[in-house]
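Shown next, in C-alpha cells, is the structure this report addresses.
Values reported hereafter were calculated over all heavy atoms of this structure, with side chains retained and with hydrogens, waters and symmetry mates removed. The sequence lines fix the lettering, A, B, ..., with proteins before strands; numbering per chain opens at 1. Note that the structure is predicted; figures quoted are calculated from it, not measured.
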Number of protein chains: 2
Amino acid sequence: MVLTNQRHEILGYLKRARRHPTADQVYREVKKKLPRISKATVYNNLRHLVEKDLVEEVNVNGVARFEYRRNDHHHMVCTNCGRIDDIENEELSRLMNYIGSEIEGYEIERSATTFYGICRDCKNERGSQ
Amino acid sequence: MVLTNQRHEILGYLKRARRHPTADQVYREVKKKLPRISKATVYNNLRHLVEKDLVEEVNVNGVARFEYRRNDHHHMVCTNCGRIDDIENEELSRLMNYIGSEIEGYEIERSATTFYGICRDCKNERGSQ
DNA sequence: GTACGTGCAAATGATTTGCGTTAAG
DNA sequence: CTTAACGCAAATCATTTGCACGTAC
C-alpha cells in the first residue's frame, strides 16, 4: 500500500478520534493539517482503508461513519443526537459468531449489531426542559 | 391516518413482497397499478408508514429498504448480489432484549442485527465458473 | 369544507468519477 | 521511472422539499 501523507493523516485522525466521524468530519479535521486535501481524496482513502480492513465503516441513517478497527464490539446510536458509542459484550459476540457459522447456505463473513435509543445526555436535557 | 389509494397500494405491495425492496423498486411496482404516482409520494408514504410502525426500514450500504413489519427477526445481506433474507433466532432476540435493558445510561428503543456474507446462489455461481 | 396527500420539478447532500498533474517506492 | 494517488470539477444517486392542485373524511 502506498503510504501517502494524506492517507497517513486520515488514518492518524481516525486512530485518535473517540467518536465515529463522517467522511465530511474527517475531511474538515485533516484539512487543518493538509489544507490542500480534497474531499475526493478523503472518500477514496476511506474506501481504501475499509477494503484493507484497517478501518471499519458503520452506516447510520444512510450516512457512512468510520472508526479505526479495534476489538469485536457493537454500537449504540442515539436517535436524538446521532452520537455513537461502542459497547463490548462477549456473550453477544460469541453468540453472533456461532449463529454465523450455523446459517444454512450463506457463508457469513461478518456481522453487526446496533442498538438504538436515547443517550444519557439527551435524556437529561429532555428531563430538565 | 388518511388511507389514500397510493398508500393502500404501497402497503399492499410490501405485504406481498418476499424480498426487501428499495424505494425505487416500490415506485416501479406500484406504478404498474397507479401509473400517475410520483416518486415523492412513494418516499413520503414510506416514511409515514415507518413512523406509524407498519413498515420496517433496513439500511444496507446507505440505501433504505423496506418490509412489512412482522415478528422479531434478523437479516442476512449478500455482499455479492445485495439480496436480503430474514432469519429468526429466539436466543439472539432474547439476548439482544436483555442487553438492551441493561445498558447504563442509554434508553434503548430497538436493536438490529445483520449478518453479511455470500448467499447460496452466489456461492454456486462462483463455484461453477 | 378543510386538512392532509399528491404530482411535479427543483433542491439537497452524500458519494463517485474523469482527467490532467504529482509524488511514492 | 512507473504506477498509484491527488485535486478539482462535474456527474450520479438517493432522498427531500416547495408549491399549486386534488381528494378523503
For His48(A) and dT3(D), what is the distance between atoms NE2 and P respectively, to the nearest whole Å?
17 Å
Integer-rounded Å distance: dG18(C) P and Lys39(A) NZ:
20 Å
Out of dC6(D), dT15(D), dC4(C), minimum distance to the side chain of Thr4(A) belongs to dC6(D)
With a 4.0 Å cutoff (strictly under), does any side-chain N or O of Gln6(A) reach OP1 or OP2 of dA24(C)?
no
Given dG7(C), dG7(D), dT17(C), the nucleotide with the shortest approach to the side chain of Ile37(B):
dG7(C)
So does Asn5(B) get a side-chain nitrogen or oxygen closer than 4.0 Å to the phosphate oxygens (OP1/OP2) of dG5(C)?
no
When rounded to the nearest 0.5 angstrom, what is the spacing between CD in Glu57(B) and CZ in Arg47(B)?
9.5 Å
For the pair Asn89(A) (side chain) and Glu91(A) (backbone), establish whether a donor and an acceptor sit closer than 3.5 Å, ignoring hydrogens and angles.
yes
CG of Leu49(A) versus P of dA5(D): gap in Å, rounded?
10 Å
Please determine whether a side-chain nitrogen or oxygen atom of Thr41(B) lies at a distance below 4.0 Å from atom OP1 or OP2 of dG7(C).
yes
Starting the side chain at C-beta, find the nucleotide from dA14(D), dC8(C), dT15(C) nearest to Ala40(B).
dC8(C)
Looking at dA24(C), I'd like to know if its phosphate oxygens (OP1 or OP2) sit under 4.0 Å from a side-chain N or O belonging to Arg7(A).
no
Counting distance only, does the side-chain N/O of Glu102(B) pair as donor-acceptor with the main-chain N or O of Ile99(B) below 3.5 Å?
no
Closest listed nucleotide, where the reference is the side chain of Ser38(A) and the choices are dC8(D), dT17(C), dA14(D):
dC8(D)
Write down the distance between CG (Asn45(A)) and C1' (dT15(C)), rounded to a whole number of angstrom.
14 Å
Closest listed nucleotide, where the reference is the side chain of Arg47(B) and the choices are dT16(D), dT16(C), dT15(D):
dT16(D)
His75(A) and Asp86(A) side chains, donor-acceptor separation under 3.5 Å:
yes
Answer with base, sugar-phosphate or nothing: what part of the nucleic acid does Asp24(A) contact at a heavy-atom distance below 4.0 Å?
nothing
I want to verify a distance call: between dT15(D), dG7(C), dC25(D), whose nearest atom is closest to the Leu3(B) side chain?
dC25(D)
Within the 3.5 Å criterion, strictly below it, is a donor on Glu67(A) or His73(A) matched to an acceptor on the partner's side chain?
yes
Check the pair Val55(B), His48(B) against side chain to side chain contact (heavy atoms under 4.5 Å, CB included), reporting the backbone distance first and the verdict last.
CA-CA 9 Å; Val55(B) 168; His48(B) 191 98; over 6 Å; no
Between CG of Leu34(B) and C1' of dC8(C) the distance, given in whole Å, is 17 Å
For the side chain of Asn44(A), starting at C-beta, report the closest nucleotide among dT17(D), dT17(C), dA5(D).
dT17(C)
Nearest heavy atom decides the nucleotide; on that basis, is Lys31(B) or Val2(B) closer to the 5' end of DNA chain C?
Val2(B)
When you get a sec, tell me which of dG7(C), dG5(C), dG7(D) is the closest nucleotide to the side chain of Arg36(B)?
dG7(C)
Kindly say if Tyr43(B) contacts the phosphate of dT16(D), meaning a side-chain N or O under 4.0 Å from OP1 or OP2.
no
Measure the distance from CD on Gln25(A) to C1' on dA14(C) and round it to the nearest whole Å.
13 Å
Using whole Å, report how far CG of Asn61(B) lies from P of dA14(D).
12 Å
